[in-house]
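Below: the structure, in structure tokens.
Values below: all heavy atoms of this structure, side chains included; hydrogens, waters and symmetry mates excluded. Residue indices begin at 1 and follow the sequence shown.
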Amino acid sequence: MKPFFQRFKQKGLICAHRGARSIAPENTFYALEQARQCGAGLWETDVQLTADSELVLFHDETLERTTDITANLSFQNVTENLVSQFSFSELQQLNAGRWFIDSDPFGTIKTQEINSQNLNIIAEQKILGCRAALEYCRQHQFPVNLEIKDHNSTALGETVVERLVELIETTNTEDLVLISSFNHDYLRLIHHENRNLATAALVGDTHPDDLIEYLKSLNCDAYHPHWKIADKALIHSLNQHQIEVNVWTVNECCDVQNFKKFGAFFVCTDWPQKML
């Protein structure tokens with residue numbers, strides 16, 4: 001068993017998807033902080049490389065949905081909004097919180113689930129560097145599932161795994177990190193770089209053929225299917241082969257409870273504050 005899994009005394013954990021993103025701007029420091037404060041067992045976030053090979057937490061390939069890049073005068077001559085197009089210092093000039101107030105994506109501002117006094121904090125959020133996030137996790141003993149976004153279409157794909165493993169080792173967070181990706185080649189590379197790091201294969205609509213043998217060929221510790229293609233039989237079958245199952249993204253309380261009963265190691269949700 002890898003150090004990450006040794007931390008936990010039981011299964012059925014609640015994982016905060018992109019942080020507590022229903023009450024905070026996703027993947028920001030405030031979302032991380034709220035995930036821990038609401039009592040989640042761990043949190044999930046997305047990792048990408050910048051143009052100068054720094055690791056940042058950001059989900060989308062482009063910046064317009066969750067930053068002010070289209071209105072920011074410093075970026076008015078930009079023709080593309082790719083995260084990988086900018087340096088870390090350039091990305092720090094963007095605001096990553098006001099969009100949440102403007103759009104209220106989960107309706108939690110309207111329903112006053114968010115204290116109005118916290119809106120000023122939300123409005124000041126920036127894109128979060130992975131180093132700062134891991135240092136917070138180390139300080140507070142708060143585990144994290146890092147999803148590596150696919151960089152294969154760019155030259156950055158050659159260095160993302162190496163940079164991430166190096167950062168995890170530097171921040172002494174090997175026991176706090178589970179690494180997942182839809183790009184399963186990254187998982188093989190991670191195993192080659194550091195065999196102590198726990199890894200998980202992400203899938204969406206369908207399972208790979210010969211699933212158990214396939215996961216074993218990746219040296220995976222866990223399997224992350226979308227909740228709609230997961231059930232009790234799948235979880236039981238993989239558990240028999242010492243492969244944990246974590247499902248995403250489950251936002252109904254009854255479904256969360258069912259997956260916990262089925263033996264899921266953790267259930268990823270946008271509403272951690274309601275699922276506990």
Note, E174 side chain near L197 side chain (heavy atom, < 4.5 Å): yes
Presence of salt bridge, K274 and E113, under 4.0 angstrom: yes
Residue pair L57 / L32, side-chain heavy-atom distance below 4.5 Å: no
Pair E26 + R65: basic N to acidic O under 4.0 Å: yes
Shared hydrophobic cluster for L234 and L218 (ILVMFWY, side-chain gaps under 4.5 Å): yes
Within 6.0 Å of CD in E252, more than 12 heavy atoms from elsewhere: no
Test of ring centre spacing under 6.0 Å for H207 and Y223: yes
CG (N115) with more than 12 external heavy atoms under 6.0 Å: yes
Donor + acceptor pair across side chains of Q141, R7 (<3.5 Å): yes
Short side-chain donor-acceptor distance under 3.5 Å, Q273 and S22: yes
More than 12 heavy atoms of other groups within 6.0 Å of Q240 CD: yes
N246 vs K11, side-chain hydrogen bond (donor to acceptor under 3.5 Å, both in side chains): CA-CA, chis, key distance, verdict: CA-CA 10 Å; N246 307 311; K11 296 186 179 185; over 6 Å; no
Side-chain heavy-atom pair F4, L42 within 4.5 angstrom cut-off: yes
Common cluster, V161/V144, ILVMFWY with side-chain heavy-atom separation under 4.5 Å: yes
Polar contact flag, side-chain donor to acceptor under 3.5 angstrom, N72-Q93: no
CA sep, side-chain torsions, deciding dist, call: N219, L187, side-chain contact (heavy atoms from CB on, under 4.5 Å): CA-CA 8 Å; N219 293 296; L187 308 181; over 6 Å; no
Side-chain H-bond candidate by donor/acceptor type, S180 with N145, under 3.5 Å: yes
Other residues, nucleotides, ligands: >12 heavy atoms within 6.0 Å of H236 NE2: no
Residues that, via side-chain heavy atoms closer than 4.5 angstrom, fall in one hydrophobic cluster with L202: F182, W248
Check: F8 ring centroid to F265 ring centroid under 6.0 Å: yes
Pairwise side-chain contact, T45 with F58, heavy-atom cut-off 4.5 Å (strictly under): no
Ring-ring centroid check H151 Y186, cutoff 6.0 Å: no
Pair D68-N95, side-chain donor/acceptor within less than 3.5 Å: no
Neighbour count above 12 (heavy atom, 6.0 Å) for Q6 CD: yes
T50 versus D52, side-chain donor and acceptor atoms under 3.5 Å: yes
Neighbour count >12 (heavy atoms, 6.0 Å) for atom NZ, K232: no
Salt bridge E135-R138, side-chain N to carboxylate O under 4.0 Å: no
Verify same cluster id: W227, F266 (apolar side-chain graph, 4.5 Å): no
4.5 Å side-chain heavy-atom contact, L164 and L55: yes
F262 reachable from I243 in the ILVMFWY side-chain graph, under 4.5 Å edges: yes
Salt bridge (charged side-chain N to carboxylate O under 4.0 Å, His left out) between R163 and E54, worked out: CA-CA 8 Å; R163 293 285 290 136; E54 291 295 322; 3.7 Å; yes
Joint hydrophobic cluster, F88 plus L82, side-chain heavy atoms closer than 4.5 Å: no
Parallel, tilted or perpendicular, as decided by the 30° and 60° cut-offs, for the rings of F142 and W43: parallel
Presence of salt bridge, K149 and D46, under 4.0 angstrom: yes
